[in-house]
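Structure record follows, encoded as C-alpha cells.
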Number of protein chains: 2
Amino acid sequence: MSAHALAMHPVSVTPDDRFQAALWSQRAAGGAADWTAELRPGGAVLRFAPDQEIYAEGDEAEKFYKVVSGVVRTCKFLSDGRRQIDAFYRAGDVFGIEASEDYGLTAEAVCDVSVVSYRRSHLDTLAAANPNLSRHLLAYAMSSVAKAQEHSLLLGRRNAIEKVVAFLVDWAAQSTDGAMATLAMTRQDMADYLGLTIETVSRTLSHLEREAIIELPSARQIRLRDPDAMAMMSC
Amino acid sequence: MSAHALAMHPVSVTPDDRFQAALWSQRAAGGAADWTAELRPGGAVLRFAPDQEIYAEGDEAEKFYKVVSGVVRTCKFLSDGRRQIDAFYRAGDVFGIEASEDYGLTAEAVCDVSVVSYRRSHLDTLAAANPNLSRHLLAYAMSSVAKAQEHSLLLGRRNAIEKVVAFLVDWAAQSTDGAMATLAMTRQDMADYLGLTIETVSRTLSHLEREAIIELPSARQIRLRDPDAMAMMSC
DNA sequence: CGATTGCTTGATACCTCTCAACCCAGGTGG
DNA sequence: CCACCTGGGTTGAGAGGTATCAAGCAATCG
C-alpha cells in the first residue's frame, strides 16, 4: 500500500501553504470565479491523497471548497457500485455548494489535492446582505446547470468516439496548452465520466491514435494533432 | 397537417384565461415554487400547440416562463439532428431562467400548453433588492443542478429497463395518483429523454407488461402495479 | 374512406460490455 | 541486484444489449 493511501485524514499544513494559497488566490481565475475573494477561508489549506474522500453523498453540507492544486471529482453511485462521475474540478474551481442540507454527490481527490474550505453558513449570511455576491452565486449555479446539460447530451446521444474526443477537447481547452491533454485521472475515471467501460476508453484512444487524430507519448499525455477538427467532431 | 401545427405563433388569450391563471397561481405549488408570487407577469397567458417552439437555443433570453397547464420539454440538438431532452415541465414549474444572455436549450410544447411569462430584467432588478427572492432563486437553480446530476447517472449508468422504470416512477410520483402515469409525451420524447430509441422504449414497456410490473390500458396510460418495488429498482 | 401518425413487433447488424490474458513501470523485499 | 508483486493500461474473443431497418396495426384526421 502506498504512503498516500495511508493518509486517512486531511492534513493541515504549514503557514507556507497558506501563503501559497493566498498568492494563488490573487492571480488565479481571471474573472468569473473570483467572487470567492469576498469570502474568508474557513480554515487552513487542506490536503488529500489520491482517492481520498473529501465528503460523501448524504453528509451534512456545512462546508464548500475551492481547489488550490490538483484535481477533484464528484460522483454518484448506484447500490451495486456503478459510478457516474459528474465533474472534475481543477485549480480555481469551486465545488460543494448545495441546495439542500446534505451533499448530493461524493467528492474525492483524483490525485494529490489541496483545497481551501469555506463555511456554508458564512456564505448564507454574506449573500443575504450582499446582492453582488448573491448575483455571482446565482451565475455560478446557472453555469453549473448549463454544464450538466451539456454532459447529459454527451451521455445520452454520443457514441464512444465522440465522447472521448469531446472529453479530450474539453480537458485540453482548460489547460495552458490547448493541444495537449495532461490527464490527472485514470482510464476508470474517464470511463465513469463518459458512461463507458475502461476497455472501451482504452480501445477508443488506441483507435484515435491509429487514425492519427491524437498521439499518446504516455498513457496520461495526449497530444491533439488537430484540436479544431476534433472540436468540430463534437457539434 | 393538424390544426395545431398550423398555429405558428402563440396566441394571446381571453380575460377569462388570465383569470384562470391567477386562480391557479393562488392554489398551486404548495411551497417551493411559489416565489413567483413576488413577480408581476410580463403579459397575458400564452398558448402553444403541440410541438410548437416556445424559444430556441441561442435566442436572447429576455423572458422566462411558468407552466399553467400542459407539459413543456427543453432539449438540445446535435448538428445531425440527434436530440437530448433535458427535462419536462408541468403545471407550476418554472423554466427558461438562464445564466448567460441566451437560452442554452430549446423549449417546446409537448401538448397543448399555456404559460405565463416574466421579464428577465424584472427578475434581475427585483432580486438585487430582495434577498428573499434571491435566496429562492438560488435554491431553484441548485435544485436544477441536483436534478441534472440525477439525470446524468441515469443516462450514463442505467440500462434500458432501469431507465424506463425510473422515468415512470418519477412521472407517476409527480401525479395525483402515484400508481398511474398519464403521459403527455410520445415514445419519441421518452426515448430522447432516456437516451434510447423509440423501439427500445416500446419493447421495454412491452417487456415490463409481460412481467406484470406495469399495465398498459392505453399507450399513454400506464399503471404501476407495484410502485414501491419499481422505486427500489432505481437505486 | 384513404392517408397520416403513433406505436408495436420482428429480423438482423453493430457497438459496447464482459471476461480474460498480457504488458509495462514502479515499488518491495529478500 | 533481481525476483516478485501490484496497479494501471492494452488487447483479444465472444456475448449481449441496443440500434437499425422494415413491416404491420390501430386510432385519428381530413
Inset, instruction - Look at the side chain of B:Thr200 and decide which nucleotide, out of C:dG6, D:dT18, C:dA11, has an atom nearest to it. - result: D:dT18
Legend entry - Whichever of B:Gln188 and B:Arg203 has its nearest DNA chain C nucleotide further upstream toward 5': B:Gln188
Legend entry - Gap between atoms CD and C1', on B:Gln221 and C:dC7 respectively (whole Å): 16 Å
Inset, instruction - Rounded to the nearest angstrom, tell me the gap between atom CG in B:Leu216 and atom C1' in D:dA26. - result: 15 Å
Legend entry - Sugar-phosphate, base or nothing in reach of A:Leu205, heavy atoms under 4.0 Å: nothing
Legend entry - Donor-acceptor under 3.5 Å (B:Arg90 side chain, B:Gln174 main chain): yes
Inset, instruction - Provide, to the nearest angstrom, the distance between the CD atom belonging to B:Glu162 and the P atom belonging to D:dG17. - result: 12 Å
Legend entry - Nucleotide D:dG8, atom C1' - distance to CG of A:Leu183 in whole Å: 13 Å
Legend entry - Residue pair B:Tyr55 / B:Gly96: nearest heavy atoms and the distance that separates them: OH-CA, 3.1 Å
Legend entry - Residue pair B:Thr182 / B:Gln221, side-chain donor-acceptor N/O under 3.5 Å: yes
Inset, instruction - Identify whether any heavy atom of B:Ser202 sits under 4.0 Å from a base atom; if not, whether one sits that close to sugar-phosphate; answer base, sugar-phosphate or nothing. - result: base
Legend entry - B:Ile198 CD1 to C:dT8 C1', straight-line distance once rounded to whole Å: 9 Å
Inset, instruction - Look at the side chain of B:Thr186 and decide which nucleotide, out of C:dC17, C:dG6, D:dT18, has an atom nearest to it. - result: C:dG6
Legend entry - Nearest-angstrom distance from the residue atom CD of A:Glu199 to C1' of C:dC19: 8 Å
Legend entry - Gap between atoms CD1 and P, on B:Ile222 and C:dT8 respectively (whole Å): 8 Å
Legend entry - Parallel, tilted or perpendicular, as decided by the 30° and 60° cut-offs, for the rings of B:Phe88 and B:Tyr193: tilted
Inset, instruction - Determine: side-chain N/O of B:Thr197 to OP1/OP2 of D:dT20, distance under 4.0 Å, yes or no. - result: no
Legend entry - Whole angstrom value for the distance that separates P of D:dG9 from CD of A:Glu209: 15 Å
Inset, instruction - Could you tell me whether a side-chain N or O of B:Thr106 sits under 3.5 Å from a main-chain N or O of B:Glu57, the two making a donor and an acceptor? - result: yes
